2 protein chains.
Amino acid sequence: MPRTRSRRLDQVYGAIASPTRRAILTALAGGEVNVGRLARRFPVSFNAVSKHVKVLERAGLVSRRVRGREHWLRLRAEPLREAARWLARQRVFWDARLDALEVLLRDDAGGR
Amino acid sequence: MPRTRSRRLDQVYGAIASPTRRAILTALAGGEVNVGRLARRFPVSFNAVSKHVKVLERAGLVSRRVRGREHWLRLRAEPLREAARWLARQRVFWDARLDALEVLLRDDAGGR
DNA sequence: CGGATATTCTACCAATCGGTTGAATAATAA
DNA sequence: TTATTATTCAACCGATTGGTAGAATATCCG
């Protein structure tokens with residue numbers, strides 16, 4: 001019985017549904033970065049990046065440490081682990097049933 | 001060097017960011033269901049469910065087989081596997097770096 | 001045929017999203 | 001103090017989203 005309702009899960013999947021935000025997370029995996037330096041790496045405005053960061057923060061994927069006028073961002077892996085766990089659990093759950101179905105219902109017609 | 005840009009990934013994560021759609025997928029794991037029967041399980045209108053299904057279809061997570069006036073829906077696990085793979089890869093990638101950072105930068109202050 | 005059923009399509013609405021620009025705030029540097 | 005730098009906040013814009021309701025289409029049933 002996989003859980004399907006979780007605000008945190010909504011936020012995490014919503015956050016990583018954006019390629020820009022996935023790229024931000026990847027950039028952050030290299031270590032702490034401040035917003036300005038991060039923004040310079042992307043083809044959108046500083047403010048746009050600032051907004052994306054806030055989305056990631058809300059999802060718990062990024063934390064912020066204010067040091068003077070600079071805000072240093074840091075990756076938080078825990079919610080990502082949760083998300084991975086949910087997907088993995090679902091995958092196993094589905095695969096079992098799907099494999100059984102594939103065998104039974106041989107109509108296929110080139111899926112997709 | 002994890003890939004971060006992929007339309008398919010965007011669609012899959014976007015699709016599963018909605019609890020209703022996650023619930024639909026879970027419902028579909030039990031076997032093929034037609035749209036009407038599926039819709040009856042949810043507290044939103046038939047049309048709303050029909051739309052959600054279309055989103056899942058666009059993401060490749062659901063396929064449709066029209067049989068007379070009924071449309072039978074079936075789970076497609078492959079894109080889900082992709083999504084799980086991406087997350088798993090990222091998780092490993094990040095964990096390694098984060099663990100190293102955690103040891104170095106001991107400021108913590110109760111994460112989350 | 002005519003009516004009921006299953007479904008999509010179209011149109012609409014309010015809310016959110018991703019982006020912009022400009023103003024406000026706060027910290028550093030001169 | 002004044003200027004510069006780093007950042008958020010506020011307002012705006014057009015596109016998308018999640019929902020609704022109603023019309024259109026196609027199938028099944030009497």
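In the text below, chain A, chain B and the rest are named by the order of the sequence lines, each starting its count at 1. Computed from a predicted structure; not experimentally measured.
Between B:R67 and B:E70 no salt bridge is recorded (no basic side-chain N to carboxylate O distance below 4.0 Å). Electrostatic pairing of A:E82 and A:R76 does not count as a salt bridge here, judged by no charged N lying under 4.0 Å from a carboxylate O. No salt bridge links A:R65 with A:E57; every basic N to acidic carboxylate O contact stays at or beyond 4.0 Å.
Protein atom CG of B:N34 is 13 Å distant from nucleotide atom C1' of D:dT27, rounded to whole Å. Summarising the geometry, the separation between NE2 on A:H71 and P on C:dT25 is reported as 15 Å, rounded to the nearest angstrom. As a whole-Å value, the separation of A:R58 CZ from D:dT8 P is 13 Å. B:N47 places its CG atom 15 Å from the C1' atom of D:dT17, with the value rounded to the nearest Å. In this structure, the CZ atom of B:R37 is 12 Å from the P atom of C:dA6, given to the nearest Å. Atoms CZ (B:R64) and P (C:dA6) sit 15 Å apart, rounded to a whole Å. If you measure from atom CZ of B:R69 to atom C1' of C:dT7, you get 10 Å, rounded to the nearest angstrom. Rounded to whole Å, the distance from NZ on A:K51 to P on C:dG22 is 15 Å.
Remark on DNA chain C: of its neighbouring residues A:H52 and A:R67, the 5'-side contact belongs to A:H52, judged by nearest-heavy-atom nucleotide. The residue among A:V55 and B:W72 whose nearest nucleotide of DNA chain C is located toward the 5' end is B:W72.
Each of A:V12, A:L73, A:L25, A:L28 was scored for a side-chain contact (heavy atoms from CB on, under 4.5 Å) with A:L56, with one residue passing: A:L25.
Residue A:K54 is in sugar-phosphate contact alone, with no base atom involved, counting any heavy-atom pair closer than 4.0 Å across all strands shown. Among the atoms of the strands shown, only primed sugar atoms or phosphate atoms (P, OP1, OP2) are found under 4.0 Å from some heavy atom of A:R21.
Residue A:S50 places at least one side-chain N or O under 4.0 Å from the OP1 or OP2 atom of D:dT8. At the phosphate of D:dG19, neither OP1 nor OP2 sits under 4.0 Å from any side-chain N or O atom of B:S45.
A:R22 forms a cation-pi arrangement with B:W86, by the criterion of a distance under 6.0 Å to the ring centre and an angle within 45° of the ring axis.
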